[in-house]
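Single-structure report; data block below.
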Amino acid sequence: MALTTTPYANAQQARIEALQAEVNELQKTLGEGENAEQIVGRHIKLLHRYNEAKDATQILIGKLAAYRQVTIRQVHNDFGLTEDD
């Protein structure tokens, strides 16, 4: 007796193959054998360093604004910074 496949089973198999192809592509991008947890941990450390530097910069901008007796927005404008900076 031959096994017949259902449309649902075919769709599931196609989904599995698509996901495996996506995994393979991501492994190529990240590097074969790279540990995802180490990559995420490294990115988190870098984000913390970035946030600390940005916070320090904002404190200095605030102090400069107070010294000049202008708004922080004015100091941002003077240095060409946008609201996203």
Side-chain angles (χ1 to χ4, degrees):
M1 180 180 255
L3 292 175
T4 58
T5 58
T6 65
Y8 177 76
N10 289 339
Q12 287 297 96
Q13 185 60 38
R15 178 75 175 135
I16 290 168
E17 290 170 6
L19 288 171
Q20 187 59 53
E22 185 177 349
V23 166
N24 293 340
E25 186 62 32
L26 288 170
Q27 284 179 334
K28 285 181 196 174
T29 301
L30 294 175
E32 200 65 37
E34 286 287 329
N35 184 334
E37 288 181 23
Q38 287 178 338
I39 292 169
V40 170
R42 185 170 50 234
H43 285 179
I44 288 171
K45 285 180 186 177
L46 290 172
L47 283 171
H48 283 297
R49 288 175 61 187
Y50 167 81
N51 285 331
E52 288 172 357
K54 186 172 179 179
D55 290 346
T57 302
Q58 289 303 317
I59 289 169
L60 291 173
I61 287 174
K63 289 184 182 287
L64 180 60
Y67 176 77
R68 289 183 176 177
Q69 297 182 346
V70 297
T71 64
I72 291 172
R73 180 179 301 272
Q74 183 59 49
V75 174
H76 278 213
N77 289 339
D78 292 347
F79 286 99
L81 300 173
T82 64
E83 290 183 17
D84 296 332
D85 290 329

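Just so you know, these numbers use all the heavy atoms, side chains as well, and skip hydrogens, waters and symmetry mates.
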**Study point:** Separation of Thr6 OG1 from Gln12 CD (nearest 0.5 Å)
**Key:** 9.0 Å
Review point. Should Ile72 and Leu60 be regarded as members of a common hydrophobic cluster, given that ILVMFWY residues are connected when their side-chain heavy atoms come within less than 4.5 Å of each other, either directly or indirectly?
Key: no
Point to revise | Rounded distance [0.5 Å steps], CD in Gln20 versus CD in Glu22 | key: 10.5 Å
Practice item. Could you please spell out the steps behind the side chain to side chain contact (heavy atoms under 4.5 Å, CB included) verdict for Ile61 and Gln58? Key: CA-CA 5 Å; Ile61 287 174; Gln58 289 303 317; 4.1 Å; yes
Check your understanding: Does Val70 belong to the same Ile/Leu/Val/Met/Phe/Trp/Tyr cluster as Phe79, with side-chain heavy atoms less than 4.5 Å apart forming each link?
Key -> yes
Point to revise | Nearest-0.5 Å distance that lies between atom CG in Leu64 and atom CD in Gln74 | key: 10.5 Å
Revision key, fill the gap. What one should report as the nearest heavy-atom pair of His76 and Thr82 is ND1-O, 4.1 Å
Check your understanding: What are the two closest heavy atoms between Asp78 and Arg68, and how far apart are they?
Key -> OD2-NH1, 3.0 Å
Check your understanding: If you round to the nearest 0.5 Å, how far is CG of Asn51 from NE2 of His48?
Key -> 8.0 Å
Review point. If we only count heavy atoms from C-beta on, is the Gln27 to Asn24 side-chain gap below 4.5 Å?
Key: yes
Review point. Are Gln13 and Asn10 close enough that some pair of their side-chain heavy atoms sits under 4.5 Å apart?
Key: no
Check your understanding: Are Tyr50 and Leu46 joined in one hydrophobic group, where the rule is that I, L, V, M, F, W and Y side chains link up if heavy atoms are under 4.5 Å apart?
Key -> no
Revision key, fill the gap. So CD of Gln38 and CZ of Arg42: to nearest 0.5 Å the spacing works out to 7.5 Å
Practice item. Taking the side chain as every heavy atom from C-beta outward, state whether Arg49 and Lys45 have any atom pair closer than 4.5 Å. Key: no
Exercise for review: Any chance you could measure Thr29, atom OG1, to Glu25, atom CD, to the nearest 0.5 Å?
Suggested key: 5.0 Å
